**Student:** 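After the structure tokens below, expect a handful of questions from me.
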Amino acid sequence: EKIDKAQSLWNMGRPIQGTLAERYLREHRKIEGDPPNDLRYLPFFTDAGSKWSFPCLMAGVRSESGEITAVQVTFLNAHTAAKADIPVAKRSFGIVKGSVVTLQEDKSSNILFVAEGVETALSLKTTGVQETIKASLGLSNIKRIAPESPHTHVVICADHDAPDSPAAKSLEKSVTSLQERGLVVTVIKPDKLGDDLNDVLKFQGPQGVRDILTRDLPKDLIKIVPPAPEKDSLEKKMIEKSTVPPQKSEEKALLKEKTVSMKNEGVFEQLTQQCIKKLYAYLGEERIDLNPDLMKRIDRQAEKAANFI
């Protein structure tokens, strides 16, 4: 029953591109690059504590066989896309035990990066690390991870918790459990007490996280390929494309017409997305829960509003 509920929520999700969930990751967590397939946007979900409905970032938690056994939802502010200001802003539904969120996979590598949270795992991905990256959604769940190869080197990307804290003791137990299974385990963490790697990313950028990796891991253990710069806006690209050698007046006119057309398409898409965000924000304030029919109507209404503008 728990797994059925998790799968039902997962099926209600939609791609996060252009949504509040993507905005949360990029603006508030400084995550770069293409979002993984196991992250989705849940337009609205009602928090049992506050009884308010929130848009959510949803992570799919899969078993070894690839089945969705749980989801973790992060409640977001409908206006700012920051984490919602409620006592518990993250909740898991289903069965997390023994399952993980896979943010990146490289079956040819024997290196496995494990972080407790999704944002920390995505911070690793942002640096350009090429190996498999997973989020355990809990320190006690790390010891249940089952790498495909017994020769896997597990790199745990831990928070810098106080040495005598319950979190540090739980991590120590997980490390011991993995080592008893014959796995090589390395733990890396930020220098500052209380920080995780996403804190490092936010304040020092991707290079700050790369510095920790290269400092704490054996040389040549991992491969880091810094991602290409983010794509420029459509308008800028069209301006660059329009800078071409002198042409006949007819060709210039045709190019200008095409450039303006493509630019307008980009503006229309931006307007549509802004209208969608406004409509979802309004529904959130009114505590109106979504259904598939209402979601379709929102998309249609947003296009009409963009056309009118």
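For clarity, every value in this text was computed on a predicted model and none was experimentally measured.
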**Student:** Side chains of Q7 and N11: is there a donor and an acceptor less than 3.5 Å apart?
**Tutor:** no
**Student:** State, yes or no, whether a side-chain contact exists between L171 and I156 at a heavy-atom distance under 4.5 Å.
**Tutor:** yes
**Student:** In terms of side-chain geometry, is the basic nitrogen of K30 or E32 positioned less than 4.0 Å from the acidic oxygen of its partner?
**Tutor:** no
**Student:** Nearest 0.5 Å please: distance from the CD atom of E119 over to the CG atom of L201.
**Tutor:** 11.5 Å
**Student:** Look at atom CG of D211 and say whether more than 12 heavy atoms of other residues, nucleotides or ligands are closer to it than 6.0 Å.
**Tutor:** yes
**Student:** Describe, in one word, how the ring planes of F93 and F45 are oriented to each other, choosing from parallel (under 30°), tilted (30 to 60°) and perpendicular (over 60°).
**Tutor:** perpendicular
**Student:** Does any non-hydrogen side-chain atom of P36 lie less than 4.5 Å from one of L122?
**Tutor:** yes
**Student:** Is it the case that over 12 heavy atoms from other parts of the model lie below 6.0 angstrom from the CG atom of D4?
**Tutor:** yes
**Student:** Check the pair D299, R14 against salt bridge (Lys or Arg N to Asp or Glu O under 4.0 Å), reporting the backbone distance first and the verdict last.
**Tutor:** CA-CA 13 Å; D299 291 340; R14 56 194 295 181; 3.7 Å; yes
**Student:** Do D161 and L193 come within less than 4.5 Å of each other through their side chains, counting heavy atoms only?
**Tutor:** no
**Student:** Between V61 and V71, is there a side-chain heavy-atom distance shorter than 4.5 Å?
**Tutor:** no
**Student:** Quick one: does D195's side chain get under 4.5 Å of F203's, heavy atoms only?
**Tutor:** no
**Student:** Give a yes or no on whether a salt bridge exists between K189 and D159, defined as a side-chain N under 4.0 angstrom from a carboxylate O.
**Tutor:** no
**Student:** Counting only heavy atoms from other residues, nucleotides and ligands, does the tally under 6.0 Å from CD of E105 exceed 12?
**Tutor:** yes
**Student:** For a quick check under 3.5 Å, do T102 and D38 share a side-chain donor-acceptor pair by atom type?
**Tutor:** no
**Student:** Salt bridge check, D196 against K202: does any charged N sit closer than 4.0 Å to a carboxylate O?
**Tutor:** no
**Student:** Is the shortest distance from a Lys or Arg side-chain nitrogen in R26 or E22 to a carboxylate oxygen in the other one below 4.0 Å?
**Tutor:** yes
